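Working notes, beginning with the structure itself.
In what follows, every heavy atom counts, from backbone to side chain, and hydrogens, waters and symmetry copies are set aside. Note that this is a predicted model, so its numbers are computed, not measured. In what follows, chains carry the letters A, B, and so on, assigned in the order in which the sequence lines appear, proteins first and then strands, with residues in each chain numbered from 1.
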2 protein chains.
Amino acid sequence: MTKSAMAFLPSSEENGLALDEMAYRRLRRALVTGTMLPGDRLSIRGVAAALGVSAMPARTALRRLAAEQAVDLLPSGTAVVPRLTRAGFAELSAIRAELEPLAVRRAAPHLTEADFAALAALVSAHDAARETSEAEIIQAADRDFLFLIYRAAQAPLLLGLIETLWLRRGPLFGAMRGQRGILGGMRHRHGEILEALRARDAEPAAALLRSEIEEATRFIQSAVRFEGDDTAAERLAAIGRSGA
Amino acid sequence: MTKSAMAFLPSSEENGLALDEMAYRRLRRALVTGTMLPGDRLSIRGVAAALGVSAMPARTALRRLAAEQAVDLLPSGTAVVPRLTRAGFAELSAIRAELEPLAVRRAAPHLTEADFAALAALVSAHDAARETSEAEIIQAADRDFLFLIYRAAQAPLLLGLIETLWLRRGPLFGAMRGQRGILGGMRHRHGEILEALRARDAEPAAALLRSEIEEATRFIQSAVRFEGDDTAAERLAAIGRSGA
DNA sequence: TTGGTCATAGTGTGATCACATTTCTCTTGT
DNA sequence: ACAAGAGAAATGTGATCACACTATGACCAA
């Protein structure tokens, strides 16, 4: 287990929970927030030691994350934080572009005035954080805005799938955070989406979110170096092609 | 654990596998084929005994299925085969109607002549089975046709999500099998889809599949009694509303 | 007969251990 | 200096056990 994998957040108020739930939540949080870097190995005993529990809850939590595709499993059974390739990112985005607008469509009739107020506050929070380029805050406001809507869709299966996708996307964003100014290039349309939802125009709201996802995807595809882009193996293959 | 839950298929050629993989596959197979009925309880020790293994692999397999939402977990931690409600089925179908056409779209450029031949054979197999109303065979041909395409999409994440959906849908189909003639009411458009794919017309193929899913959903919604339709709890609530 | 109480069997959790396998490292030979 | 091999450390699997909790059913009182 690598050093970075050891960096778990200090225990929150998760005391009444079963140990394996606790382990699962900590690992999950570390994954979505980008604390874990792609390629990090997570061994059962290593996680157990870092969390101060025995191997059993660590194993359960790791296997659960693997079932959700939030981590990959080496042939040996060791868990590893997924390396998102360019193709993998494209696939992930394409799925998001189908499912998240669906959630928006279903949420539209259910949103209350209180929801709208909370959403408006999150749009402001996002804009404020944008001024100061605080990556974590921006991403958190972004996430909260969208998931407030997704939860309102009252579609537990759909919500679970979307969470899976975000879980998978987490490590990439952690890796991206190193590149300064990346977030500055991304526009969001949360304000327009909120307006459409207020008018109960489900279809335009869904279309706006779809555009937002697609635009952000295009931007990231052009601005970010991905795992596997021009790696040692890649260069080796290139030598083979040109030199043979 | 109920009697029906004990009915696992006799061991196939799964001998070299790890015990927990074996347990997982057997349970999964029992789930998708509808061997398990909605509401069946699956206790760790019960599954372990039925499979002739210790509790550990049974627990691992059950928790993995729970993570995939293929089974639900009672507050006590006991696994139970999900009861699909009318709303749940609608949600499941809506998600399928987004994701499966996406897979078709992505598969179109990758399908080979050999794939087309196999698909044509599966269409024939389906039609033949239809004549004799063999539910299991029809459903198998259906499934194989679609998943051959989905696999060709070369999108592992998407494929995993679609498998999750089918896993969740399995028990419902098992319960439906009791109602005679249900399958007769469903049309499929696999022939047309195959034609469109042969012409590399990705978009029409995707649209056809979407229609097929939506039509089948409408038919099932109208023809099938769902869990929770007019159940004891439902009637109790009705009493509360009218009598208070 | 009905209602509540209590004991017993069953359940999930989690710790610990033995075993086989994988993975790393250090040494050795070329 | 580099590659290969042997030994050691680490790892996943799975069995077993103790513990706490839940539900099931029997039993007794009203």
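- One finds no side-chain N or O of A:R59 lying less than 4.0 angstrom from the OP1 or OP2 phosphate oxygen of D:dT11.
- When rounded to the nearest whole Å, the span between CZ of A:R41 and P of D:dG12 equals 10 Å.
- Of the two residues near DNA chain C, A:S76 and B:S76, the one whose nearest nucleotide lies more 5' is B:S76.
- Residue B:L42 contributes atom CG, which lies 14 Å from atom C1' of C:dG12 at whole-angstrom precision.
- Applying the 4.0 Å criterion to OP1 and OP2 of D:dA10, one finds that A:S43 has every side-chain N and O outside that range.
- Here the side chain of A:E91 pairs a donor or acceptor atom with the backbone of B:L157 at under 3.5 angstrom.
- In plain terms, the two heavy atoms of A:L99 and A:I162 that are nearest each other are O-CD1, 4.1 Å.
- Following rounding to the nearest Å, B:I44 (CD1) and C:dG10 (C1') show an atom-to-atom distance of 12 Å.
- B:Q154 and B:R106 share no side-chain donor-acceptor pair at under 3.5 Å.
- Although no hydrogens or angles enter the test, the distance criterion places no donor-acceptor pair under 3.5 Å between the side chain of A:D142 and the main chain of A:Q139.
- Contact of A:R45 with D:dG12 (side chain to base): a donor-acceptor pair of N or O atoms is detected under 3.5 Å.
- Residue B:L62 contributes atom CG, which lies 12 Å from atom C1' of C:dT11 at whole-angstrom precision.
- Rounded to whole angstrom, the span from the CG atom of B:L19 across to the C1' atom of D:dG12 amounts to 13 Å.
- Following rounding to the nearest Å, A:L74 (CG) and C:dT23 (C1') show an atom-to-atom distance of 11 Å.
- Residue-to-nucleotide proximity on DNA chain C shows that, of A:P75 and A:D20, the 5′-proximal contact is made by A:D20.
- The phosphate of D:dT13 has neither OP1 nor OP2 within less than 4.0 Å of any side-chain N or O from B:T60.
- Residue A:M22 contributes atom CE, which lies 9 Å from atom P of C:dG14 at whole-angstrom precision.
- When rounded to the nearest whole Å, the span between CE of B:M56 and P of C:dT16 equals 13 Å.
- Annotation: side chain of B:L73 is not in contact with side chain of B:T78 (no heavy-atom distance under 4.5 Å).
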